[in-house]
Amino acid sequence: MPIQSFIPPERTLMGPGPSDVSPRVLSALARPTIGHLDPMFIEMMDEVKSLLQYAFQTKNTYTMAISAPGSAGMEACFVNLVTPDDTVIVCQNGVFGARMIENVVRIGAKAVVVEGEWGRAVDPKALEEALKQTPQATFVAFVHAETSTGALSDCKTLCEIARKYDCLTIVDAVTSLGGVELRVDDWGIDAVYSGSQKCLSCVPGLSPISFSDKAAEIIKNRDSSVQSWFLDQSLVMGYWSGQGKRSYHHTAPVNSLYALHESLVMLQNEGLENSWVRHQAQHKKLAAGLESLGLEFIVPEDERLPQLNLVYIPEGIDDAKVRQFLLTEYNLEIGAGLGKFAGTAWRIGLMGHTARNENVLLCLAALKEALAQ
Ligand SMILES: *Cc1c(COP(=O)(O)O)cnc(C)c1O
């Protein structure tokens, strides 16, 4: 029997990403593939750049999408900016902060870790204390929206503090972009990366990034070459911003970029602020419903991510069985706990296209039935 075509089931994705992809984005993906140096495609890439500038709220010239998932965006920021002479203060309050530390260590730079509590926002006072004690620090890195814990940190304040001590900021906005307020220019973020499959509700595999002029200057003036050829932004810059004469660096994921373009057009049509408000409104509905089912939130109310809800798994309830029930009976995916919360929490996502009334109702009804069994 030869292997047959793969026809995936239709699921509702309420985990930590990927989130539901709108039919508009899926049909954009199916449009004819054209050459990645075709003038029409280059025009579209320019539109992706300006749509991303809108989503990030930035005028940064160096704003584009890395042809790889969020983790590559993270790595691109670190390997291009940080050299072995640097000292990077990393605020860690979950799984993704640990990956930032790993990036710094692999570069051979010094990582000074500000340990935060899992399930809480990064403490600005702890950052300031670390900066006082580390005058040689050159960068501050932190995760805006920690997808492993559901905590939202005060990006604006953390950037202000970093600037006061002459440090550049590297911010993980993988889960925050499109879901909560994020203002790259107003808040003075120097390097930021995101992912296509969280609140942008595009297919996975692309990582929007943006560098401030200061950060772009550092990249241009490096003495040593970036150890990663593929992620070396001084080379990629010629491809994404070659001012009319783009040169080949790698083959852009043509159809995935159609999809990103469409998802960003949808965000623009909805309005960025409206998208933030929608995520918050759906979160309120979901939170009220979860609490009425007796489920307890992990993160204090004013530090919660609307797009990712962490609740403790009640005593005596079988984690895997509940998630299996939701998947097989309702085609509904919710996320398992990660890191310190593995086995003790569920992560219920309301990202992008998923953040709609019908999904909140479905999730609450299905969970109620699962818990009753
Ligand atoms: C998902 C996620 C990443 C990694 O993105 P991938 O697309 O899975 O590589 C990084 N940081 C945060 C906060 C995330 O939620």
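Both counts, for ligands and for their atoms, begin at 1 and track the order of listing.
By heavy-atom distance, the residue among M74, R99, K198, M351 lying nearest atom 1 (C) of ligand 1 is K198.
With respect to atom 4 (C) of ligand 1, the closest heavy atom belonging to the protein is S71 OG, 3.6 Å. Counting protein heavy atoms only, atom 10 (C) of ligand 1 is closest to F96 CD2, 3.3 Å. Of all protein heavy atoms, the one closest to atom 11 (N) of ligand 1 is D172 OD2, 2.7 Å.
Checked against a 6.0 Å centroid threshold, the rings of H250 and W229 do not count as neighbours.
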Quick one: do R24 and M266 satisfy side-chain contact (heavy atoms from CB on, under 4.5 Å)? Show the steps, please. CA-CA 9 Å; R24 266 181 69 173; M266 288 176 69; 3.6 Å; yes

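Near Q197, the atoms of ligand 1 lying under 4.0 angstrom from a non-hydrogen atom of the residue are 6 (P), 7 (O), 8 (O). Ligand 1 places these atoms under 4.0 Å from at least one heavy atom of T147: 12 (C), 13 (C), 14 (C), 15 (O). Near A145, with a cut-off below 4.0 Å to any heavy atom, the atoms of ligand 1 are 13 (C). Annotation for ligand 1: atoms under 4.0 Å from non-hydrogen atoms of T175 are 15 (O). Within the listing of ligand 1, atoms 5 (O), 6 (P), 7 (O), 9 (O) sit less than 4.0 angstrom from a heavy atom of G70.
E217 and R222 are not joined by a salt bridge, as no carboxylate oxygen comes within less than 4.0 angstrom of a charged side-chain nitrogen. Using a 4.0 Å cut-off between charged nitrogen and carboxylate oxygen, R278 and E270 count as a salt-bridge pair.
A donor-acceptor pair is defined here as one N or O able to donate and one able to accept, closer than 3.5 Å; such a pair exists between the side chain of T138 and the backbone of T87.
The cationic group of R347 does not satisfy the cation-pi geometry with F341, failing either the under 6.0 Å distance to the six-membered ring centre or the 45° limit from the ring axis.
For the side-chain contact (heavy atoms from CB on, under 4.5 Å) criterion with P16, the lone passing option out of I348, L308, V174 is L308.
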